[in-house]
Amino acid sequence: MDVDPRHYEQIAIKDIDIHNIVLSYLVHNCYRETLESFVACTGMPEPADYIEDMEKRKGIIRCALEGNALKAIELTEQVACGLLENNKDLHFDLLSLHFADLVCAKKCTEALEFAQNKLTPFGKEKNYVEKLKDFMALLAYEEPEKSPVFRLIGLEYRQDVADKLNRAILAHTNLPSYTAIERLIQQATVVRQSLNQDHGWGSTIFSDGFSRRLDSGSD
Amino acid sequence: MVCDLDDDEPALKRLKLASGNLTVLSNGSSLTEPIVGSSRDLMARPLQSEGDKEVIGLKGVIKKVEFVRIIAEALYSLGYKKSYAHLEEESGIPLHSSAVDIFTQQILDGSWDESVATLHNIGLEDESIVKSATFLILEQKFFELLDGDKTMEALKTLRTEITPLSIHYCRVQELSSCIVSPTHCDSVGSSDLGYGRTKSRAKLLEEVQKVLPPAVIIPENRLEHLVEQVLTLQRDACIYHNSLDKEMSLYSDHHCGKDLIPSRTLQILKAHSDEVWFLQFSHNGKYLASSSNDQSAIIWEIDVNGGVSLKHRLSGHQKPVSSVSWSPDDHQLLTCGVEEVVRRWDVSSGECLQIYEKVGLGLVSCGWFPDGKWVFSGVNDKSICMWELNGKEVECCKGQRTLKISDLEITSDGKQIISKCRENALLLLDKEAKVERVIEENQTITSFSLSRDNRFLLVSLLDQEIHLWSIDGDVRLVAMYKGHKRSRFVIRSCFGGHEEAFIASGSEDSKVQRCTRNSEVYLWHRRSGELVEALSGHSGAVNCVSWNPENPHMLASGSDDHTIRIWGVNALHMKHKSAHCNGIHYCNGGT
């Protein structure tokens, strides 16, 4: 590489760019109060319509995370009409969340009916068959957390779905579905790896603490 | 044991103990034991009588208890219920323990929970067997509940009884899917346990019986199975065996005499005016085709009595005719002149329908594709050429494919062509898969032929050996046959007899007997390699043999002495004329 990586020190950064990065992160994660105080502190122009949409989105995501997947679906339809129609994977994921909730609540009859009415239609398509089977298997266990498919009722899976939903709604309203900071960290990691590999220069670019964090983060 | 749910008999067998049977105790007194439900009672009756180490038979390897039990099972399966009951009584050896009897009945009655409980009383040591059997039973319970629309009960069974067994996780998953979508159930047959929707209770019993150790529940028809094994072994060991298996009797060890091996000259056919080089029966056994150095081929007809008569003489070749080939439907015949042309003839009229040739080259062998639509031929430029029936050339496999040998075979699925590609090697060419396999011998190959089931190749070699190769899967040598003489000429060999259990080959002059030259036809038992017969009669080298595919007792041989001999079995044994498909004499295993 001909360019000396230490040239980065010559580049000037504008405050407004940094503010926007932080802003995008806060918007993405619906941190309304933080957003409001940040905007106030930095004297940025207030992004008025952001707040309302954020609140709605926050509500939807919270429903999904807290075991109210049906409500999440309903609200999504209100905020982003047709989103789920065009995103069958997501639709299936949300419905299956509800199913999982019913199973955990030991409401077997309801779970069974729900599965028969709402989930099995997806089974006509090949790519849903395996997933459907996995979910149906939950029914067989009195203690689903001890079954081979326990991850389907776990928090991680739920967060994963909520995350997908969040990104889908953002995309639908023409906002970026990935925050600027996420992208920046991803890019930095790739650059660092590449420099390390080819030239052993990684450590010259970032401060030690940050490098270490990038290392552990890029696992 | 076909246990019909409507049939009272099984109930009688299984519960007969309950109606008060006599048990003779060791002190000579007898008591009537009504069997009721408690598990202690179920265990009370010992499974075997005293002396269960007792052996019978000359070699002392048969355990008496096992012997009696399989006889009892055989009696029961044959339907001789009273004899079966008497046997149990007289021998004091019950076919099954009382727990097993009760278990069996509970399965047939559909008392699932009770049967699972009884299962634990049978005294099985292996926990995993108990679990497997329990799984099978509960699965049946599950499916029967689903069938009766008792979905929630089925779900409960799954959750509380089946899943806790902690085995067959994949199956558990499928059962879950079955509850949710019944249509999915129908395709559930691909599970590792291998069965689909609700089976009959009798079938369930069968499957449970397979899981349980055979000493606990004797496998059905065990005695029949053992006897069949023995018959098969005897038949395979019998080197003269040349008739239907249903001839085998249990009264004495199977041992055929030579009387069903063709050994007598029945007819001498003298229509050729020079050496006979090639012979072949048609697929349906009704015709024989021969070809000769006299540049002609002859189609012979075989009548209902096995008599052979000349049907057509096929003239037209300008060179000796080295081989013939019957069409798959036997309506047409191909003949090949030595490095000349191939002619196609109509069998019923004797007319020549088509000539196949390659300008400037000579053809050396011929054959039909199994669909009868194409013919193929070896060319003396070492390629193999294929034509449609009307003479239009379709394809030509160039390269070192075939040497000047008149053998060219194709498997009956049309996929592989076999030809001699080098002096000591055969090429097995799969046209579609473009795969070539080679059989290599350590000396020159003079001729070869393919078995009817396409699995074996018989290869005749220069040094008087005939090798049998298996070509199914890996190519390997499986047997060798020796004894015949070969020094100067191409001698052919073939498969034949009932189920192609024999190998036949021609031979050159062997003995000088009373100033006449004598060449023989050699017959070997294929599996054992033993020489069975050497048939004398020809006074010149026997070049070719063919065994009638529809009549294992008819063999034909062609010789340098210009004649064809038809060989058959001894007339004394030709007692019956059975209704064979073409009316040819078929000898039953006479006494």
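When reading the values below, keep in mind they use all heavy atoms of this one structure, side chains included, and skip hydrogens, waters and symmetry mates.
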Heavy atoms only, distances under 4.5 angstrom: which of B/Val180, B/Ile162, B/Val172 has the most pairs with chain A? Name it, please. B/Val180
Restricting to salt bridge (charged side-chain N to carboxylate O under 4.0 Å, His left out), what partner residues turn up for B/Glu114, sequence neighbours left out? none
How about [atom1] on [X], more than 12 heavy atoms from neighbouring residues, nucleotides or ligands closer than 6.0 Å, or not?
X: A/Lys106; atom1: NZ; value: yes
X: B/Asp474; atom1: CG; value: no
X: A/Lys131; atom1: NZ; value: yes
X: B/Lys415; atom1: NZ; value: no

Do the side chain of B/Ser176 and the main chain of A/Met136 share a donor and acceptor less than 3.5 angstrom apart? yes
State, to 0.1 Å, how close A/Leu138 and B/Arg159 come at their nearest heavy-atom pair, and which atoms those are. O-NH1, 4.5 Å
Can you give me the closest heavy-atom contact between A/Leu139 and B/Leu155, atom names plus distance? O-CD1, 3.9 Å
For side-chain contact (heavy atoms from CB on, under 4.5 Å), just list the numbers for B/Thr163 and A/Glu142, CA-CA rounded to whole Å, side-chain angles, deciding distance to a tenth of an Å, and then say yes or no. CA-CA 8 Å; B/Thr163 309; A/Glu142 289 207 290; over 6 Å; no
Spell out the residues in residues 116-123 of chain A that have some non-hydrogen atom less than 4.5 Å away from a non-hydrogen atom of chain B, in order of number; otherwise answer 'none'. A/Gln116, A/Thr120
Rounded at 0.5 Å granularity, tell me how far OH in A/Tyr141 sits from CG in B/Leu158. 8.5 Å
B/Thr151, part contacting chain A, at a heavy-atom distance under 4.5 Å: side chain
